[in-house]
Amino acid sequence: MPDAIETIEVHTAPAYEVAIGPGLLAQCGQYLRSMIGPLHMAVVTDSIVAPLYLDAVAASLQSAGFSVSTHVFAAGEPHKNFETLSEILEFLADAHLTRTDCVAALGGGVTGDMAGFAAGCYLRGIRCVQLPTTLLAAVDSSVGGKTAIDLRAGKNLAGVFLQPTAVLCDTDCLASLPADVFADGAAEAIKTGVLADELLFSLFEDGTLAAAPGQIIARCVRYKAGVVERDEKEQGERRLLNLGHTVGHAIEACSAFTIPHGHAVAAGLAIIARAAERLGWAEGPIASRIAACLSKNGLPTGADFSAQALTAAALSDKKRTGDRITLVIPRQIGLCELKRVPVAELMPIIAAGLEV
Ligand code: GLY
């Protein structure tokens, strides 16, 4: 690969490579040919990404010897449901994909989740490559193998673990992202900073990140790869990656998914940081630093829903086991811990975090 492309190996079984750098979509055929050989590639994308990148991706694949079928679904979290999944599965069957073929998820988090889920259950599982086009998909959702759709009862309640066969992360896509879509991904990267990387966090505090998006993505992917290698199926350490997500998912559900994932996670992160500080779980004042960093990056630090509504939504989430829920508590910037609390304690914790 050229020097400008950074590669990170994720040592799951089987292992796969995440390539990060400019121009990767236009060269995806060449890269994927060297990784998986030419085969029938079913490219799944949404109605926003298709006009931007689908032709270039299909042309690159075809010129590298792949046969290509494409499917475009209506963009947006409200479409991350059974109907869209079923359309994708019918498309794969109509295109006669076989067990040796592959799905390419071209787009953001919703596309990665749904195309990945379809690949994971079509013919009981075929391969999937992830071609993230948003910062959120690049720093988080394209790596690690979680796939899902939303159910009426909550977000990501049905899905499978399917590690991608490869991830090609074209940093040129980031330049044309609308500011709020970029901010959505910044939320997940700031989350990574709070979890384990104070230097990464400080890049967002200083506002210097725009100069080096490849570096930001690589730091996030390297950290996530390590966590996924140690705990692929989220039995322990991987739960840390849900920092901000218990309240974040509840905010998304309470807003009928009109608040995007990253914005909801940002608010969830600010709320749990305030709660951690007020309840004496943090080791010092962190909440105002986290809130200032989120605000600087165009992200919210609170939500207009009651503690009662958020608690009810959070308890539908899959993070609950029996009568306890596991929360991720920030102790310092760069250090968090898992805390199992009785579900009865969740509402006062959220209430403490909502109070500004
Ligand atoms: N986005 C959290 C995880 O992949 O575990």
Side-chain angles (χ1 to χ4, degrees), residues 8 10-12 15-16 18 77 80 105 107-117 119-120 128-130 132 134-150 154-167 169 184-197 200 216-253 257 260-269 272 299 314 317-321 325-330 336-338:
I8 296 168
V10 185
H11 298 281
T12 45
Y16 57 98
V18 182
E77 186 79 30
K80 204 174 100 173
V110 169
T111 302
D113 270 8
M114 273 199 311
F117 189 7
C128 183
V129 295
Q130 294 279 345
T134 64
L135 183 61
L136 186 140
V139 299
D140 184 51
S141 59
S142 64
V143 177
K146 277 190 183 176
T147 76
I149 57 167
D150 302 333
K155 196 174 155 76
N156 295 341
L157 289 185
V160 296
F161 284 96
L162 177 76
Q163 295 300 331
T165 297
V167 182
C169 180
D184 230 31
E188 290 282 5
I190 292 169
K191 174 202 82 174
T192 302
V194 176
L195 277 173
D197 189 344
L200 175 64
I216 303 281
I217 295 166
R219 289 185 89 93
C220 291
V221 170
R222 244 183 261 116
Y223 168 69
K224 184 165 182 179
V227 173
V228 168
E229 285 163 6
R230 292 186 292 274
D231 178 21
E232 187 175 337
K233 297 280 172 69
E234 200 175 295
Q235 300 301 300
E237 182 186 357
R238 186 165 180 172
R239 292 182 185 158
L240 286 168
L241 301 180
N242 294 327
L243 174 63
H245 283 60
T246 300
V247 178
H249 282 176
I251 292 170
E252 282 184 89
F257 296 105
H261 179 66
H263 285 62
V265 166
L269 173 57
I272 199 67
L299 290 160
D317 202 88
K318 60 198 175 312
K319 292 169 199 74
R320 176 181 177 170
T321 46
I325 188 159
T326 303
L327 299 178
V328 188
I329 305 298
C336 294
E337 70 177 12
L338 297 174

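Counting starts at 1 for both ligands and their atoms, in listed order. Throughout, numbering of the chain's residues begins at 1 and tracks the sequence. Just so you know, these numbers use all the heavy atoms, side chains as well, and skip hydrogens, waters and symmetry mates. The structure displayed is predicted, hence computed values, not measured ones.
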- Message: Test of understanding: with salt bridge (charged side-chain N to carboxylate O under 4.0 Å, His left out), list the residues that count as partners of Glu232, not counting sequence neighbours.
- Response: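 Checked Glu232 against salt bridge (charged side-chain N to carboxylate O under 4.0 Å, His left out); zero matches.
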
- Answer yes if the side chains of Glu188 and His245 hold a donor-acceptor pair under 3.5 Å, and no otherwise.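 The answer is yes; a qualifying pair exists.
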
- Query: Side chains of Ile272 and Thr246: closer than 4.5 Å at any heavy-atom pair?
  - Reply: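 A side-chain contact is absent here, since even the closest heavy-atom pair is not under 4.5 Å.
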
- Could you tell me the separation between the CD1 atom of Ile190 and the CG atom of Asp197, rounded to the nearest 0.5 Å?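 Answer for the CD1-CG pair, Ile190 versus Asp197, is 12.5 Å.
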
- Applying side chain to side chain contact (heavy atoms under 4.5 Å, CB included) between Val139 and each of Ile217, Leu200, Val221, report the one that passes.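 Only match with Val139 under side chain to side chain contact (heavy atoms under 4.5 Å, CB included): Ile217.
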
- Message: Closer than 3.5 angstrom, by distance alone: can the side chain of Glu337 be matched with the main-chain N or O of Pro330 as a donor-acceptor pair?
- Response: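 Not at all, since once roles are kept as given, no pair shorter than 3.5 Å links the two residues.
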
Every pair of nitrogen or oxygen atoms between ligand 1 and the protein that is under 3.5 angstrom apart - can you list them with their distances to 0.1 Å?
unit_1, atom_1, unit_2, atom_2, d
ligand 1, 1 (N), Asp140, OD1, 3.3
ligand 1, 1 (N), Asp140, OD2, 3.0
ligand 1, 4 (O), Lys224, NZ, 2.6
ligand 1, 4 (O), Arg238, NH2, 2.8
ligand 1, 5 (O), Lys146, NZ, 3.0
ligand 1, 5 (O), Arg238, NE, 2.7
ligand 1, 5 (O), Arg238, NH2, 3.3

